[in-house]
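Both counts, for ligands and for their atoms, begin at 1 and track the order of listing. Note that this is a predicted model, so its numbers are computed, not measured. Computed from heavy atoms alone, side chains included, the values below leave out hydrogens, waters and symmetry copies.
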Amino acid sequence: MLHTLAVANYRSINNLVLPLGRLNLVTGANGSGKSNLYRALRLLAETAQGGVVNALAREGGLDSTFWAGPETLSRRMLSGEVPVQGGPRKEARRLRLGFAGDDFSYAISLGLPESNSGESRDTPSAFSLDPEIKRECIWAGGSYRPASLLVDRAGAMVRMREGRNWQVMAQHLPSFDSLYEQIGNDPACPEVSHLREHIRRWRFYDHFRSDAEAPARQPQLGTRTPVLHHDGRDLAAALQTIREIGDAAALDAAISDAFPGARLRIDMQAGGRFAVELQQEGLLRPLSASELSDGTLRYLLLVAALLTPRPPSLMLLNEPETSLHPDLLPALGRLIIAASQHTQVWVVSHASRLIATLEQHPECNAIVLEKQLGQTVIQGQGMLDEPAWKWPS
Ligand SMILES: Nc1ncnc2c1ncn2[C@@H]1O[C@H](COP(=O)(O)OP(=O)(O)OP(=O)(O)O)[C@@H](O)[C@H]1O
Ligand SMILES: [Mg+2]
């Protein structure tokens, strides 16, 4: 489980340290930074998949993702006594992401290549605007202390602590590769592979498509599917898998909770294709996935995601309420709460009935974001509420 998430210099997040629980609910006005925080977690996930630099490029490049405000907002700027203005930078511009987990913690910092640096390359690279991974650290325990550092990547070099000494694990790490790619399989670095596997088991579900061509509406070749694909293409197989090796009673309950009298059927078509069908009260034949309403389809997708027989270490749902009628939201909230018994959950939501259902749960960690002079802050978070966090220097 993650206990702390820290993000700095990423879009509207100048510097944010959040305490995390099993069930985390992120709310806030439009533009307060909920999606930015969600994307920051996605970027962290990309470090273990080998795609963090590409993911930043897809977002428009590192330069545009940097916090657009001044390096620090002074108290007098915040109170309005003096106008907001930038000064000379004290530190190099870095996008920083990190988390503290049960055993190990991790932080990464990314920056732009130094132009005109002393060591001019023999051949200039066409990728001179690519972000570079400048530093990565893995340490034991929550808050960073130099003494608890276990693995340290600085530029192209990775070192690992061995007793009282440091062992160099790699010297020519490309600036676009995270240490997970380079030494994630090295049996000499169990912390790295442990964290990599942990991060790879995070699962993101973000706005399932429900248009006529949506993958979830098409019959698909069915194989056992304990994990629903993030675009929902294997919905029928995932639901059938829950029936066979998961919590079939919870599946039936989730359907009748939302659509009283309705029954879910998985139709096995010729050629091994699986299709979802919903038999509803009053109809002479079941409706196929292509005939279901957007909200019904999305609800089925969320059911399949949340009742997974193989719970991830962290499940992230971005605005799962999209196109669901408010009456369905308490049922969805109960499913999310049940999932949080087996997996850490992160839900971003605007929907008051979903928020109300989740907030009733004693373990709900409700995080309300707001903007203060353009930067995302946590409503009501004082200095003392902020978890201990220090970026590796
Ligand atoms: N580089 C940047 N520097 C500062 N602020 C930025 C930067 N890029 C985006 N923003 C701000 O971040 C905000 C967008 O935040 P985000 O998309 O996370 O909002 P949200 O809480 O998800 O809102 P919604 O509920 O509308 O989805 C916008 O207000 C935008 O002005
Ligand atoms: Mg958003």
- Task: Supply the atom-to-atom distance I108 CD1 to L179 CG, rounded to the nearest 0.5 angstrom.
- Result: 7.5 Å
- Taking the inter-plane angle between the rings of F208 and Y205 on a 0 to 90° scale, is it parallel (under 30°), tilted (30 to 60°) or perpendicular (over 60°)? tilted
- What is the nearest protein non-hydrogen atom to atom 24 (P) of ligand 1, stated with its residue, atom name and distance? N30 ND2, 3.5 Å
- Message: With nothing but distance in play, are any N or O atoms of G33 less than 3.5 Å from an N or O of ligand 1?
- Response: yes
- Message: With heavy-atom distances below 4.0 Å as the criterion, list the atoms of ligand 1 near W67.
- Response: 3 (N), 4 (C)
- Min N/O separation F66 to ligand 1 under 3.5 Å: yes
- Task: Provide, to 0.1 Å, the distance between atom 25 (O) of ligand 1 and the closest protein heavy atom, together with that atom's residue and name.
- Result: H350 NE2, 2.6 Å
- Item | CG on L44 to CH2 on W202, rounded to 0.5 Å | 5.0 Å
- Before signing off on this row, confirm whether S35 and ligand 1 have an N or O atom pair separated by under 3.5 Å. yes
- When you look for heavy atoms under 4.0 Å from ligand 1, do you find them on the side chain of E319, its backbone, both, or neither? side chain
- Message: Please check whether A68 reaches ligand 1 - meaning an N/O of the residue sits under 3.5 Å from an N/O of the ligand, judged on distance alone.
- Response: yes
- Any G28 heavy atom less than 4.0 Å to ligand 1: no
- Message: Can you tell me which portion of K371 lies within the under-4.0 Å heavy-atom range of ligand 1? Options are side chain, backbone, both, or neither.
- Response: side chain
- Query: Which one of A29, S12, S64 has a non-hydrogen atom at the shortest distance from atom 10 (N) of ligand 1?
  - Reply: S12
- Do R217 and S290 get their side chains close enough for a donor-acceptor pair, meaning under 3.5 Å? no
- Distance, nearest 0.5 Å, that separates CG of L314 from CG of L41: 6.5 Å
- Decide if atom CZ of R75 counts as having more than 12 heavy atoms of other residues, nucleotides or ligands within a radius under 6.0 Å. no
- Query: Nearest protein heavy atom to atom 18 (O) of ligand 1, by residue and atom, and its distance?
  - Reply: N36 N, 2.7 Å
- Pairwise distance CD(E136) to CZ(R153) - rounded to 0.5 angstrom: 5.0 Å
- Query: Does an N or O anywhere in G374 fall below 3.5 Å from an N or O of ligand 1?
  - Reply: no
- H194 NE2 to E191 CD distance, which is reported to the nearest 0.5 Å: 9.5 Å
- Message: Counting backbone and side-chain atoms alike, is an N, O or S atom of S35 positioned under 2.8 Å from the Mg ion (ligand 2)?
- Response: yes
- Ring centres under 6.0 angstrom apart (H230, F204): no
- Task: Measure the distances from the heavy atoms of Q375 to every atom of ligand 1 and state whether one is below 4.0 angstrom.
- Result: no
- Message: Any nitrogen or oxygen of R39, side chain or backbone, less than 3.5 Å from one on ligand 1?
- Response: no
- Message: Just verifying a value: how many Å separate S148 OG and R161 CZ, rounded to the nearest 0.5 Å?
- Response: 8.0 Å
- Which residue holds the protein heavy atom closest to atom 8 (N) of ligand 1, what is that atom called, and what is the gap in Å? R11 CB, 3.7 Å
- Protein heavy-atom partner closest to atom 13 (C) of ligand 1 - residue, atom, separation in Å: G31 O, 3.5 Å
- Task: Would you mind checking if D252 and R263 are paired as a salt bridge, meaning a charged N to carboxylate O distance below 4.0 Å?
- Result: no
